[in-house]
There are 2 protein chains.
Amino acid sequence: MNFISRDTDYAVRALIYMARQPKAEVVTVDDIVKKERLPERFLRRILQKLARKGFLASNKGKGGGFSLVRSPGGIRLTDLMETFQGKMNLTNCLLKGRICPNVMRGCLLRKKLRAIGKELDNKLNKITIASLMKG
Amino acid sequence: MNFISRDTDYAVRALIYMARQPKAEVVTVDDIVKKERLPERFLRRILQKLARKGFLASNKGKGGGFSLVRSPGGIRLTDLMETFQGKMNLTNCLLKGRICPNVMRGCLLRKKLRAIGKELDNKLNKITIASLMKG
DNA sequence: TCTTAATAATACTATTTTAGTATTATTAAA
DNA sequence: TTTAATAATACTAAAATAGTATTATTAAGA
Ligand code: FES
Ligand code: FES
């Protein structure tokens, strides 16, 4: 079971690559594909999604490409995970539809997981693209 | 994205139910199904797996059923997650096959996730069936 | 204005995981 | 020897994941 999905991972790579460019330049998908060796079509879809969500600006036409909108320090790993994997849910009750005797209140398992989940979130929230750029 | 899969969840319910029985009795699948409202066939497969893995003993034939082998305090949530979901992997590199420039050593993302993952493990490891029985 | 180099949008497909069902065999008590 | 239980295995349906393919749109620049 993977915590990070493939598209989240690809997005991280691409964003780090873009953030490394001097002067927030427009970067072409082809460029990223060549340097980071990611699958082109799939990466396009990922970048499009990032653009729709406001992480990137896309510039069509000749000389076009994608450019960062938000600063690398403002893009958290958890934002990307949420974008591509949906909100990470440590505590979802899977019995709900079927017959959950105690939707959340009083459910010890969920209560414990919730506490742990909060601490996990706090830590994950500190990971940003900027914090990953030194590597 | 769910952290706990459905079969892990069902296993937890079933084990708590069994642990609550006085005297580590043999419990029949039908009984669990009725009380916990879990899908019978699917639950059977789950219990069989728990038996193969040494959590339960199965007694065939008339008067048979499943019984706990390990004490409720000795069954950790993480054991069950590992059994049904495979080891939770916070740090798998998904680029590996494709061209990972730095398998783990020097990869900041993995390094950070590894540290967080360890703390998460420590906390999850404290959740046992026994610790969930009061609810 | 026409060509061209770029992305956009959308639909399709293949694989894997998840969740469940069905069938047949085995066992042991009564 | 009947019967009430599980075992083992194979099958299936649905959802998530990881892509691919096709066609449309845009804007720079000769
Ligand atoms: S069983 Fe539903 S919240 Fe615990
Ligand atoms: S990219 Fe492979 S370990 Fe980081």
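Worth saying up front: this structure is predicted, and the values here are computed from it rather than measured. Lettering of chains follows the sequences in order, A, B, ..., and the numbering in each one begins at 1.
- Atom-to-atom, CD1 of A:Ile46 to P of C:dA9 comes out at 16 Å; the value is rounded to the nearest Å.
- Ranked by how close their nearest DNA chain D nucleotide is to the 5' end, B:Arg44 and A:Gly63 are led by B:Arg44.
- Taking side-chain N and O atoms only, B:Arg41 has no distance below 4.0 Å to OP1 or OP2 of C:dA22.
- As a whole-Å value, the separation of A:Gln85 CD from D:dA18 C1' is 13 Å.
- In summary, of the residues considered (A:Val27, A:Leu15, A:Ile32), a side-chain contact (heavy atoms from CB on, under 4.5 Å) with A:Leu47 occurs for A:Ile32 alone.
- Rounded to whole angstrom, the span from the CG atom of B:Leu47 across to the C1' atom of D:dA5 amounts to 13 Å.
- Residue B:Ile4 holds its CD1 atom at 12.0 Å from CZ of B:Phe84, rounded to the nearest 0.5 Å.
- Near-neighbour residues of DNA chain D inside residues 54-62 of chain B, defined by a heavy atom below 4.0 Å, number-ordered: B:Ser58, B:Asn59, B:Lys60, B:Gly61, B:Lys62.
- Applying the 3.5 Å distance criterion, the base of D:dG19 shares no donor-acceptor pair with the side chain of A:Arg6.
- Between B:Asp30 and B:Arg45, the one whose closest nucleotide on DNA chain D sits nearer the 5' end is B:Asp30.
- Within the 4.0 Å cut-off from OP1 or OP2 of C:dG20, at least one side-chain nitrogen or oxygen of B:Tyr10 is found.
- For the atom pair CG of A:Asp121 and NZ of A:Lys87, the computed distance is 6.5 Å after rounding to the nearest 0.5 Å.
- A straight line from CD of B:Glu40 to P of C:dA19 spans 19 Å, rounded to a whole angstrom.
- Note on A:Asp7 versus A:Lys49: no salt bridge recorded, every NZ/NE/NH1/NH2 to OD/OE distance being 4.0 Å or above.
- In this structure, A:Arg20 contributes its side chain and A:Met133 its backbone to a donor-acceptor pair below 3.5 Å.
- Rounded to an integer number of Å, the gap from A:Phe3 CZ to D:dA16 P is 18 Å.
- If you measure from atom CD of B:Gln48 to atom P of D:dT6, you get 9 Å, rounded to the nearest angstrom.
- Position along DNA chain C of the nearest nucleotide to A:Gly65 versus B:Phe84 favours A:Gly65 as the more 5'-ward residue.
- With 3.5 Å as the limit, one finds no donor-acceptor pair spanning the side chains of A:Asp30 and A:Thr28.
- Remark: C1' of C:dT18 and CG of B:Asp9 are 14 Å apart, rounded to the nearest angstrom.
- When rounded to the nearest whole Å, the span between CG of B:Leu43 and P of C:dT21 equals 11 Å.
- Side-chain proximity of B:Phe42 to the nucleotides D:dT6, C:dA19, D:dA18 is greatest for C:dA19.
- Considering CZ of A:Arg70 and CG of A:Leu50, their distance stands at 10.0 Å, rounded to 0.5 Å.
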